[in-house]
Amino acid sequence: MSNRSVAVITGGGTGIGAATAKVLRSGGWEVVICGRRPEPLQRVAESTGAIPFVADAASADDLKRLVGSTLDKFGSLDGLVLNAGIVRAGLLSELTDGAWDDMVRTILTGPFRLLRAALPHLVAAKGAIVGVGSAAALRATGGIPGYNATKAALAMLMQTVAVDYGPQGVRANTVCPGWVRTEMADMEMREIGTGLGVGYQEAYDIATSFVPARRAADAVEVAHLIAWLLSAQASYINAAVIPVDGGMVAGDPGSLALDPRVTFAQRHRD
C-alpha cells in the first residue's frame, strides 16, 4: 500500500496521457496508465515508473479490472484522467453507424463505465477527475461531427459529476486542448500536409496561423494543467471547462475573414 496519491490515466501510452503520467510521477504520485497497446504503455512505464495496464477504455469488464487492480496494489484512488479518444472523420450524411459508435463508445461510454466503477473510491478519497475534452467541444469543427458531439458530451458528463458528487468532496473538471503536438496530431498533419503539398511541420504552422499563440501546444503544457486540477491547489475548482488552446476559440470568424493574409478567393470560396 502507498501513502502517495494514486491516479489512473486512460490513453496513457502516448500524447497527453503519457505526458500527464510523467508530470504526475515527478510530483510524487503513483500512476497507473491504461491503453490497448502494450508497447507504448511499457515505454512510458520504463521512463516514468508508472504502472502499465492493458485494457480497452470502453470495456466494462476491463475497467472493473483496472480499478480493482489499482486498489489491490495501492489501496486507494485519488485521481482519474479520462484521456482515451479517437477521431472518425466524415460529414454527418457520410458517417457510418460503426464510426459513430466507435467514438461514442470510446469518448463517452468508456468514461461513464470507468466513473461508475471508480466513484465510490474517489468519494472515499475526496478525489478529483479530469476529462480531456477538445476545443471541438466548444466550437464545431467541420467534418468531425461525432468527435465534436462526444467531446461536448464528455464535458457535460464532468459537470454533472461535479454537481452530483461535489457535496461528497469529489471535483470533476474538463480541459479542452486545441492543436497539440502528439502522435495522433502528427498523423493528421501529415494527411493535411499531403493535401496542401507541404510537410507536416509546415502543416502545423498553417493550422495554427490564426491561433493567437501562433503555434501548437506541447503535450506537457496540457499535462501540467491536468496535474494542477488533480492537486489540492485546485481545491475550489469544480465543473470548470478550461480551453488549453493558445486562444484559438476566442477568435471571431468574421474578423478573421478580414485578415490581410486571407485572399479574396478564400473569402468567397464555396
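Both backbone and side-chain heavy atoms feed into the values below; hydrogens, waters and symmetry mates do not. Worth saying up front: this structure is predicted, and the values here are computed from it rather than measured.
A donor-acceptor pair under 3.5 Å is absent between the side-chain atoms of Asp78 and the main chain of Gly127, judged by distance alone. Checking side-chain atoms of Thr106 against main-chain N and O of Gly85 turns up no donor-acceptor pair under 3.5 Å. Side chain of Arg171 to main chain of Asn238: no donor-acceptor pair is present (N/O by atom type, distance under 3.5 Å, no hydrogens or angles). In terms of modelled atom types and a separation under 3.5 Å, the side chain of Ser26 and the main chain of Val23 share a donor-acceptor contact. Thr10 places a side-chain N or O within donor-acceptor distance of the main-chain N or O of Asn83, the cut-off being under 3.5 Å. Arg88 places no side-chain N or O within donor-acceptor distance of the main-chain N or O of Trp100, the cut-off being under 3.5 Å. Of the possible polar contacts, none joining the Thr208 side chain to the Val211 backbone as a donor-acceptor pair under 3.5 Å is found. At least one donor-acceptor pair closer than 3.5 Å links the side chain of Arg25 to the backbone N or O of Thr48. A donor-acceptor pair is defined here as one N or O able to donate and one able to accept, closer than 3.5 Å; no such pair exists between the side chain of Asp245 and the backbone of Ala135. Distance alone, capped at 3.5 Å, places no donor-acceptor pair between the Glu30 side chain and the Phe74 backbone.
Annotation: side-chain hydrogen bond (donor to acceptor under 3.5 Å, both in side chains) contacts of Tyr165 (sequence neighbours excluded): none. By the side-chain contact (heavy atoms from CB on, under 4.5 Å) test, Ala117 is found to be paired with Val67, residues two or more places apart in sequence or in another chain being considered.
Contact check on Arg105 versus Asp56 returns a salt bridge, with a Lys/Arg side-chain nitrogen under 4.0 Å from an Asp/Glu carboxylate oxygen. Residues Glu221 and Arg215 are paired through a salt bridge, judged by an N-O separation under 4.0 Å between the basic side chain and the carboxylate.
Heavy-atom contacts from other residues, nucleotides or ligands closer than 6.0 Å to CD of Glu94 number more than 12.
In this structure, Leu66 CG and Leu77 CG are separated by 8.5 Å, a value rounded to the nearest 0.5 Å. Glu188 CD to Asp186 CG: the interatomic distance, rounded to the nearest 0.5 Å, is 9.5 Å.
In the hydrophobic clustering of ILVMFWY residues, with side-chain heavy atoms under 4.5 Å counting as a link, Met158 and Val241 come out apart. Note on Ile86: it does not cluster hydrophobically with Met187, by side-chain heavy-atom contacts below 4.5 Å among ILVMFWY residues. The hydrophobic clustering, which links ILVMFWY residues whose side-chain heavy atoms are closer than 4.5 Å, places Leu71 and Val32 together.
Think of Ile226 as one node in a network of Ile, Leu, Val, Met, Phe, Trp and Tyr side chains linked at under 4.5 Å; its network also takes in Ile9, Ile16, Leu24, Trp29, Val31, Ile33, Leu41, Val44, Val54, Val81, Val130, Val132, Val175, Val180, Val222, Leu225, Trp228, Leu229, Leu230, Ile237, Ile242, Val244.
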